[in-house]
Amino acid sequence: MPTPTLDASPGVRRVTLDPAGVTLSGLLIEPEGPPRAAVVALHGGGMSAGYFDGQAHPSTSLLALGASLGYTVLAVDRPGYGHSAAQLPEGATLAEQSAVLHAALDDFAARYDTGAGLFVLAHSYGGKLALTAAADDSRGRWLGIDISGCGHRYAARLDDQSTGRRHGHWTLNWGKLSLYPPNTFRFSTALVKPMPPRERQEAARWSEIFPGVAARVRVPVRLTFAEHETWWHHAEATVADLTARLAAPRVLVDRQPGTGHNISLGWSARAYHLKALAFFEECLAGRASAARAPARV
């Protein structure tokens with residue numbers, strides 16, 4: 001059974017998923033009634049699942065908001081983080097993380113009601129995993145992906161990534177203090193984790209990896225770039241090149257004002273999360289409309 005957790009929003013519990021010999025930890029919240037669908041949240045490099053349940057201000061929690069709107073929300077500690085850090089001390093490649101994640105979601109879907117299916121909301125390095133796993137989705141159960149803080153061409157030096165000593169360069173990952181509620185950084189101390197070496201090494205190859213992954217993504221995708229995003233190039237021409245490489249049936253791009261790279265912990269978190277969930281509602285509506293359409297003869 002899931003267990004309650006301290007320093008979490010009401011209704012949020014700790015869970016473990018046991019796929020293929022690797023135990024993943026995470027945070028789970030379920031709505032009061034049957035869920036419309038399930039949202040799987042994937043954190044970035046050097047962070048953890050609690051990123052999606054910010055405690056500095058009630059408005060920042062994706063888990064609380066998602067459940068209030070009828071979604072089951074599962075925030076996963078990616079392979080190499082949380083419970084699996086001891087099993088994977090060097091971390092895992094994106095392909096390896098994708099395989100573990102799919103097996104974990106098999107376990108999750110067998111134990112919990114996922115409603116119409118699975119959506120994925122991902123941040124930063126989690127966005128790389130979301131795209132990789134979508135490309136690998138032979139089960140066809142993913143309904144859509146929303147990604148923030150992830151592009152395909154770096155604008156920053158990779159040696160500013162998270163290490164075991166720090167969560168990367170301050171201005172790259174956070175930006176202005178005024179973008180975040182008071183006490184954000186006190187509460188976030190427990191969220192920051194070492195970025196596994198293999199993950200950090202593979203990050204340098206993302207620009208090479210991305211085209212092959214993008215060409216195999218077959219679900220709707222929404223991308224958000226923060227106003228003060230400095231990790232990635234995101235000028236119009238660069239974003240147009242990124243979206244053109246995605247084989248997704250629908251691609252949306254949004255710009256979130258008044259926020260830095262760690263968008264889900266800032267004052268704009270609720271606005272961003274509402275837009276992401278609205279996108280998921282559109283995906284559900286499109287799916288229902290397609291199901292109602294008369295068959296061609």
Side-chain angles (χ1 to χ4, degrees), residues 1-32 34-35 37-55 61-67 71-115 117-126 128-130 132-133 136-137 139 141-142 162 164 187-196 198-199 264:
M1 291 290 292
T3 57
T5 178
L6 299 176
D7 298 325
S9 298
V12 174
R13 294 107 66 192
R14 295 192 189 280
V15 293
T16 56
L17 303 171
D18 299 293
V22 177
T23 301
L24 298 187
S25 50
L27 300 175
L28 174 70
I29 189 169
E30 297 175 279
E32 291 186 1
V39 176
V40 179
L42 304 174
H43 65 83
M47 271 287 181
S48 55
Y51 173 82
F52 295 104
D53 189 37
Q55 295 299 294
S61 174
L62 167 69
L63 279 85
L65 177 63
Y71 290 89
T72 290
V73 185
L74 171 70
V76 177
D77 287 317
R78 293 191 292 104
Y81 294 85
H83 196 289
S84 69
Q87 296 169 286
L88 301 168
E90 296 298 307
T93 66
L94 286 169
E96 292 165 346
Q97 290 188 48
S98 174
V100 172
L101 178 63
H102 279 298
L105 294 179
D106 286 340
D107 182 33
F108 178 68
R111 294 161 54 194
Y112 300 96
D113 186 353
T114 60
L118 301 178
F119 289 106
V120 178
L121 188 149
H123 175 251
S124 195
Y125 207 100
K128 300 174 186 178
L129 175 57
T132 303
D136 296 339
D137 183 23
R139 299 158 180 81
R141 64 186 170 196
W142 288 29
S162 299
F187 280 108
S188 296
T189 300
L191 306 181
V192 176
K193 305 296 179 184
M195 189 174 187
R198 293 182 68 204
E199 182 171 297
S264 288

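Throughout, numbering of the chain's residues begins at 1 and tracks the sequence.
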Check: What's the verdict on side chain to side chain contact (heavy atoms under 4.5 Å, CB included) for His102 and Asp136, showing C-alpha distance, side-chain angles and the deciding distance?
Finding: CA-CA 9 Å; His102 279 298; Asp136 296 339; 4.1 Å; yes
Item checked: Steps toward side chain to side chain contact (heavy atoms under 4.5 Å, CB included) verdict (Leu74, Leu105) -> CA-CA 10 Å; Leu74 171 70; Leu105 294 179; 4.3 Å; yes
Next item on the list: Please lay out, stage by stage, how Val120 and Leu118 fare under the test side chain to side chain contact (heavy atoms under 4.5 Å, CB included).
Entry: CA-CA 7 Å; Val120 178; Leu118 301 178; 5.6 Å; no
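Residues passing the ring-ring contact (aromatic ring centres under 6.0 Å, His included) test with Tyr71: none are found, sequence neighbours excluded. Take His43 and apply the ring-ring contact (aromatic ring centres under 6.0 Å, His included) test, not counting sequence neighbours, and it matches Tyr81. Remark: Asp107 engages Leu17, Asp18, Arg111 in a side-chain contact (heavy atoms from CB on, under 4.5 Å) (not counting sequence neighbours).
Heavy atoms only, all atoms of each residue included: Ala133 and Trp142 are closest at CB-CH2, 3.3 Å. Nearest heavy atoms, Asp7 versus Gln55: O-CG, 3.4 Å. Ala64 and Ile29 make their closest contact through CA-CD1, 4.3 Å (heavy atoms, listed as atom of the first residue, atom of the second, distance). Between Gln87 and Thr23 the shortest heavy-atom distance is OE1-N, 3.1 Å. Here the closest heavy-atom approach between residue Leu129 and residue Ser98 is recorded as CD1-N, 3.6 Å. Pro196 and Gly91 get closest at one heavy-atom pair: CB-CA, 3.3 Å.
Between the side chain of Ser188 and the main chain of Leu191, no donor-acceptor pair closer than 3.5 Å is present. Using modelled atom types, no side-chain atom of Glu199 and backbone atom of Gly45 make a donor-acceptor pair closer than 3.5 Å. A donor-acceptor pair is defined here as one N or O able to donate and one able to accept, closer than 3.5 Å; no such pair exists between the side chain of Thr72 and the backbone of Glu30. Using a distance-only test at 3.5 Å, with no hydrogens or angles considered, a donor-acceptor pair links the side chain of Asp77 to the main chain of Ala49. Between the Tyr51 side chain and the Gly44 main chain, no donor and acceptor come within less than 3.5 Å of each other. Remark: side-chain polar atoms of Glu90 are not paired, donor with acceptor, to backbone N or O of Arg198 under 3.5 angstrom.
Each of Val73, Leu27, Val76, Leu121 was evaluated against Phe52; a single residue qualifies, Leu121, per the side-chain contact (heavy atoms from CB on, under 4.5 Å) test.
Taking CG from Leu24 and NE2 from His83, the interatomic distance works out to 9.5 Å, rounded to the nearest 0.5 Å.
Contact check for Thr114 versus Pro35: no side-chain heavy atoms found under the 4.5 Å cut-off. Under the 4.5 Å side-chain criterion, counting only non-hydrogen atoms from C-beta, Met47 is in contact with Val192. Gln97 places none of its side-chain heavy atoms less than 4.5 Å from the side chain of Thr132.
Between Asp106 and Arg139 there is a salt bridge, since a side-chain N of the basic residue sits under 4.0 Å from a carboxylate O of the acidic one.
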